[in-house]
Amino acid sequence: MKRSIIKSTGRFVPDHHVSNDDLAKILDTSDEWIRQRTGIEGRYWVKEGDDVGTSDLALEASKTALDRAGWEPADLDLIVFATMTSDVYIPGSGVILQHKLGAKNVPALDIRQQCTGFLHGLELCDAYIQSGKARKILLVGAETQSRFLELTTQNRDTAVIFADGAGAVCIEGEETDEEIGILASVFHADGNYAGVLKAGVPARKSGPIMNAEVLAKQEFFPYMDGKTVFKLAVTLLPKVALELLEKAGIQPEDLDMVVPHQANLRINEAFRDRMKIPEEKVYNNIQQYGNTTGATIPIALDELMEKGMLKSGDNVMFIGLGAGLTWGGVIYRLP
Ligand code: UT7
């Protein structure tokens with residue numbers, strides 16, 4: 001049977017570090033508030049004025065992953081790019097990355113699923129591999145959220161959370177009788193909650209994408225009803241985790257590591273408590289990176305691999321929830 005195996009990982013964040021105290025200088029917040037409510041201690045943002053976009057961060061993470069897999073860009077059958085902060089509105093960043101990599105003629109696909117973009121990407125890559133449509137795939141999650149944030153007190157809830165970064169994985173289809181690779185994936189969506197986390201451009205009633213009215217209303221900045229998203233996350237994530245475990249045919253105690261989306265440390269702690277999973281089995285790095293949306297999970301996976309915290313046979317659950325509303329995850333067994 002064909003199995004989808006993660007051959008290698010890579011990550012990249014800009015070198016410009018932004019501390020909570022830095023933010024407190026430009027809007028009404030404090031290091032204490034941000035740490036207590038979110039767990040975030042600092043984040044990396046591209047520098048204002050630098051000509052750097054999401055594809056540039058993705059390029060660095062991708063080069064590392066390709067290098068570690070021993071693959072050339074020309075070896076790829078497909079590039080899948082998960083981002084909600086593409087370099088330009090049209091086209092998506094997938095083709096821009098493809099060009100920068102020099103992966104001539106390799107098809108490139110963008111996924112617009114926000115915080116669950118990379119997770120959906122894992123399922124999509126698995127489907128391509130299972131169907132025989134692709135064997136070697138580069139899957140990237142990358143964001144430059146800082147370019148989209150309004151750094152004012154009015155929008156401080158989003159300003160302090162979101163951050164920039166990229167993570168990439170090389171996924172290969174392998175023929176084997178062993179039960180390894182992607183074991184299960186489960187996803188849900190509820191567009192009833194589309195308004196709780198959104199950026200309103202192009203606005204439905206505004207006519208041209210950008211006009212004086214849209215500019216005046218500043219609807220292009222992200223809006224988040226944080227409390228509602230928080231409550232939905234702590235309710236829906238444990239439920240979908242149980243669905244995932246059942247589909248993979250394993251018990252919670254069989255999990256060796258959970259890599260949750262890094263939206264808020266308190267969400268991940270509540271998830272851990274509800275699932276009764278020991279602290280050391282839930283990986284968090286939001287403290288250092290903030291919420292890099294589509295990039296949180298591949299960045300965390302790359303760190304885990306680098307630190308030697310995963311071994312052959314380990315069962316890893318990747319799980320998340322975000323704008324849409326979309327939520328779900330993947331269970332992966334290391335070869
Ligand atoms: O990855 C995408 C998915 N997103 C999420 O999962 C986010 C989920 N939600 C959250 O993480 C939290 O709701 C937040 C961290 C965004 C907000 O935390 P909260 O505990 O829900 O705070 P709140 O929105 O209820 O605000 C409490 C108070 C308010 O002041 P008053 O009305 O009590 O006077 C806010 O104005 O905290 C104020 N506040 C802040 N104060 C200092 C909101 N943001 C900030 C801030 N600094 N950055």
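Whatever order the structure lists them in is the order used to number ligands and atoms, beginning at 1. Residue numbers count from 1 along this sequence. Basis for what follows: all heavy atoms, side chains included, without hydrogens, waters or symmetry-related copies.
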of all protein heavy atoms, closest to atom 37 (O) of ligand 1 is Trp33 NE1, 3.3 Å
In ligand 1, the atoms that come under 4.0 Å of a heavy atom of Gly226 are 8 (C), 9 (N), 13 (O)
Cut-off 3.5 Å, side chains only: do Asp126 and Ser4 have a donor facing an acceptor? yes
A student checking ligand 1 against Val229 at a 4.0 Å heavy-atom cut-off should list atoms 3 (C), 4 (N), 5 (C), 6 (O)
Any heavy atom of Ala233 sitting closer than 4.0 Å to ligand 1? no
Under 4.0 Å from one or more heavy atoms of Cys115, ligand 1 contributes atoms 1 (O), 2 (C)
Are Lys100 and Asp56 close enough for a salt bridge, meaning some N to O gap below 4.0 Å? yes
Is there at least one protein heavy-atom neighbour under 4.0 Å from atom 9 (N) of ligand 1? yes
Is there a side chain to side chain contact (heavy atoms under 4.5 Å, CB included) between Leu139 and Phe118 once you walk through the steps? CA-CA 8 Å; Leu139 169 62; Phe118 183 83; 3.5 Å; yes
Subject >> Within-cutoff protein neighbour (heavy atom, under 4.0 Å) for atom 19 (P) of ligand 1 >> reply: yes
Near Asn291 (heavy-atom distance under 4.0 Å), the atoms of ligand 1 are 1 (O), 2 (C)
At under 4.0 Å between heavy atoms, what of Leu197 touches ligand 1? The answer is side chain
Heavy-atom nearest pair, Ile129 first then Gly173, reads CG2-CA, 3.4 Å
Exactly one of Lys307, Met305, Glu306 clears side chain to side chain contact (heavy atoms under 4.5 Å, CB included) with Glu303, and that residue is Lys307
In ligand 1, the atoms that come under 4.0 Å of a heavy atom of Arg37 are 19 (P), 20 (O), 22 (O), 27 (C)
Do we see a donor-acceptor contact under 3.5 Å between the side chains of Asn155 and Thr152?
no
Within a distance of under 4.0 Å, is there any protein heavy atom near atom 32 (O) of ligand 1?
no
re atom 12 (C) of ligand 1, the protein heavy-atom contact at minimum distance is Asn264 ND2, 4.0 Å
task: Output, in order, the C-alpha distance, side-chain angles, deciding distance and verdict of side chain to side chain contact (heavy atoms under 4.5 Å, CB included) for Leu197 and Thr228.
output: CA-CA 9 Å; Leu197 181 43; Thr228 301; over 6 Å; no
Counting heavy atoms under 4.0 Å, the part of Ile34 that contacts ligand 1 is neither
A student checking ligand 1 against Ala263 at a 4.0 Å heavy-atom cut-off should list atoms 1 (O), 5 (C), 6 (O)
To atom 30 (O) of ligand 1, the nearest of Gln145, Arg156, Gln114, Gln154 on a heavy-atom basis is Arg156
Do any heavy atoms of Met224 fall under 4.0 Å from ligand 1?
yes
Exactly one of Ile250, Leu245, Val282 clears side chain to side chain contact (heavy atoms under 4.5 Å, CB included) with Met317, and that residue is Leu245
Atom 25 (O) of ligand 1: closest protein heavy atom, distance to 0.1 Å, is Lys227 NZ, 2.7 Å
Query - Under-4.0 Å salt bridge between Arg135 and Glu172 - result: yes
Problem set entry | Audit row: Leu101, Leu59, side chain to side chain contact (heavy atoms under 4.5 Å, CB included) steps and yes/no | CA-CA 7 Å; Leu101 277 172; Leu59 178 66; 3.7 Å; yes
heavy-atom search around atom 47 (N) of ligand 1 in the protein gives Thr29 OG1, 2.6 Å
The atoms of ligand 1 lying under 4.0 Å from a heavy atom of Arg266, numbered in the order shown, are 20 (O)
When you measure from the heavy atoms of Thr293 to every atom of ligand 1, does any distance fall below 4.0 Å?
no
query = Are Glu60 and Lys63 ion-paired here, with the side-chain N under 4.0 Å from a carboxylate O?
reply = yes
Between Ser93 and the options Asp87, Thr54, Thr144, the side-chain hydrogen bond (donor to acceptor under 3.5 Å, both in side chains) test singles out Asp87
So for Thr158 against ligand 1, with non-hydrogen atoms under 4.0 Å, the contacting part is neither
Counting heavy atoms under 4.0 Å, the part of Val160 that contacts ligand 1 is side chain
Atoms of ligand 1 under 4.0 Å from any heavy atom of Thr38, numbered from 1 in the order shown, are 15 (C)
Quiz prompt | Aromatic plane relationship, His17 with Tyr44 - under 30° parallel, 30 to 60° tilted, over 60° perpendicular | solution = perpendicular
Margin query: If only side-chain N and O atoms count, and only distance matters, is there a donor-acceptor pair under 3.5 Å linking Glu143 with Thr85?
Written below: yes
